[in-house]
*Asks:* 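The following block contains the structure, expressed as structure tokens.
This one's a predicted model, so the numbers in the text were calculated from it and none came from an experiment.
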Amino acid sequence: MLEWAFRTEKARLELPEPPDSERGDGPGFGLEYVLMQRAALGCRIDGGRHKPDSSTHEDAEVVAACVAGLPTSLGGLRMAIRISELARAGLTPDWMPGAVPLCVPVETKRNQHGERSITVAVGTARVLSRGKWRTVELRACPVTWSPHPDQIAAAHRHYDHWWLALDWVRDGLLAGGMLRSIEVTDAMPKRVPWQHRSVREQFGNEPC
């Protein structure tokens, strides 16, 4: 429904109206206001900002208005913009599917003999070699996690916030009862898709 509204019908977000003192003209009401009023009244009334000559379906405008009304606790305007942008692109947030932290060298170097890890001096040691004590340099290879677990966790967290916002929009559209041609269903993206990975994705191809 979001992709249809923003991508196909090219609906735009109906942002909240500024106060009368800032707007400098008469009162106006966005679709999100009408949506809330219909939900409060429990009945269908005509109204809103749909223009008869607009090429955008009025149901698409209702969907956009509901998205624009996201509360601050769910990301507010920033999340509304993100939802609309993803819907226009036909995408879902990148939760980094299949990403597994790997211990890798911080830096590598390639020459005619191939690629090797860069090492750094970390100290010295005294060793007995051929009957003589010698001082040798100790070197180590700095390593890191790629991708870092925090990076994967952040991607999962952003997806979760997006899903919760979509759930709020769905409930708002159901409660508002403003849609005339489109039916809201229970269909939603997977709640936690990273918990549905296959055994091969989790453990690789190595035998158990």
*Asks:* Could you pull out all residues at least two apart from R157 that satisfy side-chain hydrogen bond (donor to acceptor under 3.5 Å, both in side chains)?
*Replies:* none

*Asks:* Side-chain contact test, heavy atoms from C-beta onward, threshold under 4.5 Å: evaluate it for I81 versus L13 and give yes or no.
*Replies:*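 I81 reaches L13 side chain to side chain.
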
*Asks:* Could you check if a side-chain atom of I182 sits within less than 4.5 angstrom of a side-chain atom of L173, using non-hydrogen atoms only?
*Replies:*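 Counting from C-beta outward, I182 and L173 never come under 4.5 Å.
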
*Asks:* Please report the shortest heavy-atom distance between A68 and A80, naming the atom on each side.
*Replies:*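 Of all heavy-atom pairs spanning A68 and A80, the closest is CA-CB, 4.2 Å.
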
*Asks:* Can you check whether T92 reaches L86 side chain to side chain, under 4.5 Å on heavy atoms?
*Replies:* no

*Asks:* Kindly say whether R180 contributes a backbone atom to a donor-acceptor pair with the side chain of D59 at under 3.5 angstrom?
*Replies:*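 Yes; at least one donor-acceptor contact below 3.5 Å.
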
*Asks:* Between M96 and P147, which heavy-atom pair has the shortest distance, and what is it?
*Replies:*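 Heavy-atom minimum between the residues: CE-CB, 3.7 Å.
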
*Asks:* Hey, does W145 have a side-chain heavy atom less than 4.5 Å from the side chain of L102?
*Replies:* no

*Asks:* Which residue pairs satisfy the side chain to side chain donor-acceptor pair (under 3.5 Å) criterion with at least one member in residues 99-109, sequence neighbours excluded?
*Replies:*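 Every side chain to side chain donor-acceptor pair (under 3.5 Å) pair that includes a residue of residues 99-109, provided the two are not neighbours, is T108-E115.
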
*Asks:* Would you name the heavy atoms of H113 and N111 that are closest together and state the gap between them?
*Replies:*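 Looking at all heavy atoms of both residues, the shortest contact is N-OD1, 2.8 Å.
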
*Asks:* With rounding to the nearest 0.5 Å, note down the distance linking CD in E85 to CZ in R7.
*Replies:* 14.0 Å

*Asks:* Supply the atom-to-atom distance Q151 CD to S146 OG, rounded to the nearest 0.5 angstrom.
*Replies:*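 With rounding to 0.5 Å, CD (Q151) is 7.5 Å from OG (S146).
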
*Asks:* Could you measure the distance from the CD atom of E3 to the CD atom of E9? Nearest 0.5 Å is fine.
*Replies:*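 Reported value, rounded in 0.5 Å steps: 13.5 Å.
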
*Asks:* Examine M1 and L91 and state if one hydrophobic cluster contains both, with Ile, Leu, Val, Met, Phe, Trp and Tyr joined whenever side-chain heavy atoms are less than 4.5 Å apart.
*Replies:* yes

*Asks:* Less than 4.5 Å apart, any side-chain heavy atom of W194 and any of I152?
*Replies:* no

*Asks:* Is there a path of hydrophobic side-chain contacts, each under 4.5 Å between heavy atoms, that joins L164 and L174?
*Replies:* yes

*Asks:* Side chains of L77 and L70, heavy atoms from C-beta outward: is any pair under 4.5 Å?
*Replies:* no

*Asks:* What is the distance from atom CZ of R116 to atom CZ of R110, rounded to the nearest 0.5 Å?
*Replies:* 12.5 Å

*Asks:* Would you check, one step at a time, whether the test side chain to side chain contact (heavy atoms under 4.5 Å, CB included) holds for V67 with L2?
*Replies:* CA-CA 9 Å; V67 172; L2 290 170; 3.7 Å; yes

*Asks:* Checking R82 now: which residues fulfil side-chain hydrogen bond (donor to acceptor under 3.5 Å, both in side chains) with it, not counting sequence neighbours?
*Replies:*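 Counting only residues at least two positions away or on another chain, R82 forms no side-chain hydrogen bond (donor to acceptor under 3.5 Å, both in side chains).
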
*Asks:* Which pair of non-hydrogen atoms, one from C66 and one from W168, has the smallest distance, and what is that distance?
*Replies:*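 Taking every non-hydrogen atom into account, O-CZ3, 3.4 Å.
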
*Asks:* Tell me, do V120 and P142 make a side-chain contact under 4.5 Å, heavy atoms counted?
*Replies:* yes

*Asks:* Restricting to side-chain hydrogen bond (donor to acceptor under 3.5 Å, both in side chains), what partner residues turn up for T119, sequence neighbours left out?
*Replies:*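 By the side-chain hydrogen bond (donor to acceptor under 3.5 Å, both in side chains) rule, T119 matches R139.
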
*Asks:* With sequence neighbours excluded, tell me which residues meet ring pair (Phe, Tyr, Trp, His ring centres under 6.0 Å) with W162.
*Replies:*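 Listed in chain order: Y159.
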
*Asks:* Using the test side-chain hydrogen bond (donor to acceptor under 3.5 Å, both in side chains), find all partners of T135 that sit at least two apart in sequence or belong to another chain.
*Replies:*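 Residues passing side-chain hydrogen bond (donor to acceptor under 3.5 Å, both in side chains) with T135: R126.
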
*Asks:* When you compare the side chain of C141 with that of I118, does any pair of heavy atoms fall below 4.5 Å?
*Replies:*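 A side-chain contact is absent here, since even the closest heavy-atom pair is not under 4.5 Å.
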
*Asks:* Between W95 and H158, is the ring centre distance below 6.0 Å?
*Replies:* no

*Asks:* Are I83 and M188 connected in the hydrophobic side-chain network, where two residues link if heavy atoms are under 4.5 Å apart?
*Replies:* yes

*Asks:* Any chance you could measure H161, atom NE2, to R78, atom CZ, to the nearest 0.5 Å?
*Replies:* 13.0 Å

*Asks:* Within this structure, what is the OG-CD distance for the pair S181 and E58, rounded to the nearest 0.5 Å?
*Replies:*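 That separation rounds to 7.0 Å.
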
*Asks:* Can you get from V100 to V143 by hopping between Ile, Leu, Val, Met, Phe, Trp and Tyr side chains that sit under 4.5 Å apart?
*Replies:* no

*Asks:* Do side-chain atoms of W163 reach the backbone of P189 as a donor and acceptor pair under 3.5 angstrom?
*Replies:* yes

*Asks:* For the side chain of R170 and the backbone of D186, is there at least one donor-acceptor N/O pair under 3.5 Å apart?
*Replies:* yes

